[in-house]
Amino acid sequence: IGGVGGDGVTGLAAAGEGSLIVGGYFGATADLDPGPPVLNRTSQGQADTFILKLDVANQLAWLDVLSGPIETHVLDIAVSEAGLVGAVGQFRGFVDLDPGPGEFYVAGPGVDDGFVVVFDTRGSFLSGGAVGGPGNDTVEGARFMEDGRLIISGNFSDVADLNPGLSEEAPFSSRGSSDDFVASLDPTLDADWIQVAGGDALDFVRAIDVSAGGGIFVAGGYGPFMEFAANGTTFRFNSWGSDGSFLWNLDLDGEFEWAG
């Protein structure tokens with residue numbers, strides 16, 4: 001996969017029956033079919049996003065391209081038990097989240113904003129949305145629950161709307177230059193719940209995973225301290241150096257379990 005511009009793969013997810021969902025970015029003109037056939041696409045901006053499915057024989061089953069005038073980067077891929085494909089990432093300016101003949105534009109009020117999009121088993125657009133505000137915001141991670149809910153995690157700064165759905169939610173304000181969030185989304189991408197955590201400096205999420213028995217696990221970094229809302233109180237720990245790493249566990253309803 002690649003061409004004359006900057007290209008990279010930034011997300012992978014197994015999709016059942018030996019198939020694989022691959023996500024990444026490309027600039028200028030790039031061949032997006034990893035097999036012998038050539039399938040060139042030209043980006044509209046400095047970097048566009050591609051999401052593709054490879055079958056068990058590593059043949060291209062379908063290809064989606066998400067384009068905007070500046071930059072669009074996919075950062076994580078998730079696949080549900082029903083085969084739906086979720087993709088999250090960051091964009092600048094605006095992006096069309098419908099790779100088909102239709103259009104579904106989302107615009108960001110900030111320097112960088114986050115996007116969420118869901119496709120069906122054939123790669124057709126189902127739903128999409130954005131999170132963000134006037135600062136720098138991104139959606140870093142995504143995982144589907146067994147009941148079909150999509151759990152997303154990311155970072156936000158300043159004041160941001162962290163619900164990618166159509167329902168209006170009160171914006172969240174970061175305590176430091178960047179705080180962390182986790183949200184549970186229904187099939188329309190409206191948030192069932194949103195939880196935030198952070199300190200007075202730069203905090204960031206780097207990984208997320210879910211399990212039916214253990215809930216939701218989030219990992220990232222912080223400095224010099226991190227605070228979590230914990231059942232009506234505040235759970236805080238300090239880094240030993242200038243910064244540190246954290247693990248954060250929530251139950252399936254978004255309630256704090258533990259952090260360390």
Side-chain angles (χ1 to χ4, degrees), residues 1 7-16 19-26 32 47-54 63-66 68 71-92 95 97 99 106 108 112-121 123 125-132 136-146 148-156 160 162-165 178-185 187 189 191 194-197 203-211 215-221 245-248 250:
I1 298 174
D7 317 292
V9 172
T10 51
L12 292 169
S19 60
L20 183 68
I21 307 297
V22 182
Y25 65 93
F26 69 101
L32 300 181
D48 283 2
T49 279
F50 69 85
I51 301 163
L52 60 85
K53 181 177 181 178
L54 300 177
L63 168 69
D64 288 341
V65 173
L66 309 180
E71 291 184 82
T72 306
H73 291 273
V74 62
L75 298 175
D76 202 10
I77 300 288
V79 179
S80 74
E81 291 190 355
L84 302 183
V85 177
V88 299
Q90 188 177 60
F91 69 98
R92 183 169 294 182
V95 59
L97 296 179
V106 293
D112 292 302
D113 295 278
F115 71 83
V116 184
V117 62
V118 178
F119 307 104
D120 67 16
T121 58
F125 174 83
L126 290 178
S127 56
V131 302
N136 293 312
D137 315 293
T138 184
V139 185
E140 292 272 357
R143 290 293 184 273
F144 278 102
M145 299 299 297
E146 290 183 353
R149 287 182 295 162
L150 182 62
I151 307 297
I152 63 171
S153 61
N155 317 303
F156 71 100
L162 301 180
N163 182 9
S178 178
D179 282 4
D180 306 326
F181 74 90
V182 181
S184 171
L185 309 180
L189 301 186
I194 301 170
Q195 294 288 1
V196 301
D203 311 306
F204 54 88
V205 169
R206 282 296 179 263
I208 186 172
D209 209 348
V210 299
S211 71
I216 301 159
F217 300 90
V218 183
S245 301
F246 70 85
L247 291 174
W248 181 17
L250 302 167

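None of these values were measured; they are calculated from a predicted model.
- Although no hydrogens or angles enter the test, the distance criterion places a donor-acceptor pair under 3.5 Å between the side chain of Thr49 and the main chain of Thr72.
- Here the shortest heavy-atom pairing between Val74 and Gly23 reads CG1-C, 3.6 Å.
- A distance of 7.5 Å separates CG of Asp120 from CG of Leu84, quoted to the nearest 0.5 Å.
- Distance CD1/Ile216 to CD/Gln195: 9.5 Å, rounded to 0.5 Å.
- Under the 3.5 Å distance criterion, the side-chain polar atoms of Asp180 are left unmatched by any main-chain donor or acceptor of Asn155.
- Electrostatic pairing of Asp64 and Lys53 does not count as a salt bridge here, judged by no charged N lying under 4.0 Å from a carboxylate O.
- For the pair Leu32/Val65, a side-chain contact is recorded, criterion being any heavy-atom separation below 4.5 Å from C-beta on.
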task: Would you sort out whether Leu63 and Phe50 count as a side chain to side chain contact (heavy atoms under 4.5 Å, CB included), showing the intermediate values?
output: CA-CA 7 Å; Leu63 168 69; Phe50 69 85; 4.2 Å; yes

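- Listed here is the closest heavy atom pair of Leu97 and Val116: CD1-O, 3.8 Å.
- For Ala78 against Ala142, the heavy-atom pair with the smallest separation is CB-O, 3.5 Å.
- Nearest approach of Phe91 to Gly114, heavy atoms of both residues: CE2-O, 3.5 Å.
- Counting heavy atoms from C-beta on, the side chains of Val106 and Val95 come closer than 4.5 Å.
- Under the side chain to side chain contact (heavy atoms under 4.5 Å, CB included) test applied with Val88, the options Thr138, Val118, Val139, Val117 reduce to a single match, Val139.
- Residues Val182 and Ile151 have side chains in contact (heavy-atom distance under 4.5 Å, counting atoms from C-beta outward).
- The ring-ring contact (aromatic ring centres under 6.0 Å, His included) check on Tyr25 picks up His73, with sequence neighbours excluded.
- Considering CD1 of Ile152 and CZ of Arg143, their distance stands at 13.0 Å, rounded to 0.5 Å.
- The structure places CD of Glu140 at 5.0 Å from CZ of Arg206, a figure rounded to the nearest 0.5 Å.
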message: Assess the residue pair Asp179 and Phe156 against the criterion (side chain to side chain contact (heavy atoms under 4.5 Å, CB included)); give the C-alpha distance rounded to whole Å, side-chain angles, the decisive distance to 0.1 Å, and a yes or no.
response: CA-CA 5 Å; Asp179 282 4; Phe156 71 100; 3.7 Å; yes

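- Under the 3.5 Å distance criterion, the side-chain polar atoms of Gln90 are matched with a main-chain donor or acceptor of Asp137.
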- request: Check the pair Phe181, Val131 against side chain to side chain contact (heavy atoms under 4.5 Å, CB included), reporting the backbone distance first and the verdict last.
  value: CA-CA 11 Å; Phe181 74 90; Val131 302; 4.3 Å; yes

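- The two residues Leu189 and Ser127 have their closest heavy-atom pair at CG-OG, 3.6 Å.
- Residue Ile77 holds its CD1 atom at 4.5 Å from CD1 of Ile51, rounded to the nearest 0.5 Å.
- You'll find the side chain of Asn136 stays beyond 4.5 Å of the side chain of Arg92, heavy atoms only.
- Closest non-hydrogen pair, Ala191 versus Leu185, comes out as CA-CD2, 3.8 Å.
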message: Let's go through Phe26 and Ile1 carefully: what are the C-alpha distance in whole Å and the side-chain angles of both, what is the deciding distance for side chain to side chain contact (heavy atoms under 4.5 Å, CB included) to 0.1 Å, and is it a yes or a no?
response: CA-CA 9 Å; Phe26 69 101; Ile1 298 174; over 6 Å; no

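- Here the CG atom belonging to Leu66 is positioned 5.0 Å from the CZ atom belonging to Phe119, to the nearest 0.5 angstrom.
- Not counting sequence neighbours, the partners of Phe125 by the ring-ring contact (aromatic ring centres under 6.0 Å, His included) test are Phe104.
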